[in-house]
Amino acid sequence: MTAAALPAAGRANAGCADHADRSIALARKARGPYLARIMAIREILEVPDPRLKIVSTPVEPHEFGPELNQLVEDMFETMYDAPGIGLAAIQVGVPKRVLVIDLQPDDPDAPPVECSLDGHKHTHPATKKEPRVFINPVILDPAKELSTYQEGCLSVPEIYADVDRPATCTVRYQDLEGNTHEEALDGLLATCLQHEMDHLEGILFIDHLSRLKRAMVLKKLDKIRRA
Ligand code: GNR
Ligand code: NI
């Protein structure tokens with residue numbers, strides 16, 4: 001079907017260090033008004049890092065709180081910086097069942113936003129952020145109908161390939177306060193959530209390819225690594 005933006009149009013407001021991203025405010029809102037902490041873009045693990053094969057463990061009731069909120073904030077910053085539309089905690093080395101997704105880090109059709117947070121007037125590409133957090137997600141009813149997207153992965157740089165997945169599904173998940181929700185998903189959100197859920201099982205999108213295609217991808221990755 002459609003190709004999804006992985007390396008999209010670049011950072012929403014690259015080069016504006018003083019207020020690097022409105023996403024910080026959004027993620028901080030989710031974190032709550034605890035300690036002010038400087039943003040932390042964490043390192044994204046890449047193949048063949050063996051940690052990407054770990055099966056992540058559930059977030060236990062006593063683990064909800066400031067440390068989890070901080071992890072989620074850092075994951076948003078890391079994802080927006082990359083840029084990507086989703087990130088699983090294991091991609092920053094934390095083997096917990098935590099996902100963040102934002103399908104629209106920037107909105108190419110909107111007029112630029114004027115800004116003077118750093119003391120002088122300048123503009124940013126307009127963003128229409130829709131940050132979503134999924135803790136302990138479970139897929140309830142994957143559709144038999146499949147849809148195909150060209151996928152990429154921040155942990156598998158420079159590789160893009162079509163993957164078939166159930167076109168729709170319902171996800172049950174907890175929010176940062178530990179409350180449980182259920183939501184029906186379709187389109188890119190359904191695909192992205194399933195891609196992220198795979199990370200929680202130690203599975204990468206290239207594991208869904210045919211042996212021949214995967215062999216080609218692994219060869220290309222090896223070439224990239226040796227370059
Ligand atoms: O940024 C990403 N784009 C993407 C495109 C199609 C299907 C899935 C994704 S997720 C990916 C970011 C990532 O690696 N998440 O784990
Ligand atoms: Ni990925």
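This chain uses plain numbering: 1 for the first residue, then up along the sequence. Atoms within a ligand are numbered from 1 in the order they appear, just like the ligands themselves.
- No side-chain donor-acceptor contact under 3.5 Å links Glu73 and Asn69.
- Heavy-atom separations between Gln150 and ligand 1 include at least one value shorter than 4.0 Å.
- Ligand 1 places these atoms under 4.0 Å from at least one heavy atom of Glu196: 10 (S), 13 (C), 15 (N), 16 (O).
- For ligand 1, the polar-atom distance check finds an N/O of Gly86 within less than 3.5 Å of one of the ligand's N/O atoms.
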Side chain to side chain donor-acceptor pair (under 3.5 Å) for Gln194 and Asp198? Distances and angles first, verdict last.
CA-CA 6 Å; Gln194 292 173 66; Asp198 272 355; over 6 Å; no
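- Closest heavy-atom approach to atom 9 (C) of ligand 1 among the candidates Pro83, Ala161, Gly152: Gly152.
- Not a single N or O atom of Thr191, backbone or side chain, sits closer than 3.5 Å to an N or O atom of ligand 1.
- Residue-environment remark: CD (Glu114) stays at or below the threshold of 12 foreign heavy atoms within 6.0 Å.
- In this structure, Lys129 fails the cation-pi test against Phe76, since its NZ or CZ atom is not both closer than 6.0 Å to the six-membered ring centre and inside 45 degrees of the ring normal.
- Using modelled atom types, one finds a donor on one side chain and an acceptor on the other under 3.5 Å when comparing Gln91 with Ser155.
- Residue-to-ligand polar distances keep Gly84 apart from ligand 1: every N/O pair is separated by 3.5 Å or more.
- Residues passing the salt bridge (Lys or Arg N to Asp or Glu O under 4.0 Å) test with Glu177, sequence neighbours excluded: none.
- When each atom of ligand 1 is checked for a heavy atom of His199 under 4.0 Å away, the hits are 16 (O).
- Ranked by closest heavy atom to atom 14 (O) of ligand 1, the top entry among Val100, Asp102, Leu154 is Leu154.
- Against a heavy-atom cut-off of under 4.0 Å, Ile85 is close to the following atoms of ligand 1: 1 (O), 2 (C), 3 (N), 4 (C), 5 (C).
- Listed by number with element, the atoms of ligand 1 under 4.0 angstrom from any heavy atom of Cys153 are 14 (O).
- Around CZ of Arg172, the count of heavy atoms belonging to other residues, nucleotides or ligands within 6.0 Å does not exceed 12.
- Residue contacts with ligand 1 for His195 involve side-chain atoms from C-beta outward but no N, CA, C or O (heavy atoms, distance under 4.0 Å).
- Annotation: angle subtended at the Ni ion (ligand 2) by Cys153 SG and His195 NE2 is 110°, to 10°.
- Using cut-offs of 30° and 60° for the angle between ring planes, the Tyr173 and Phe134 rings count as perpendicular.
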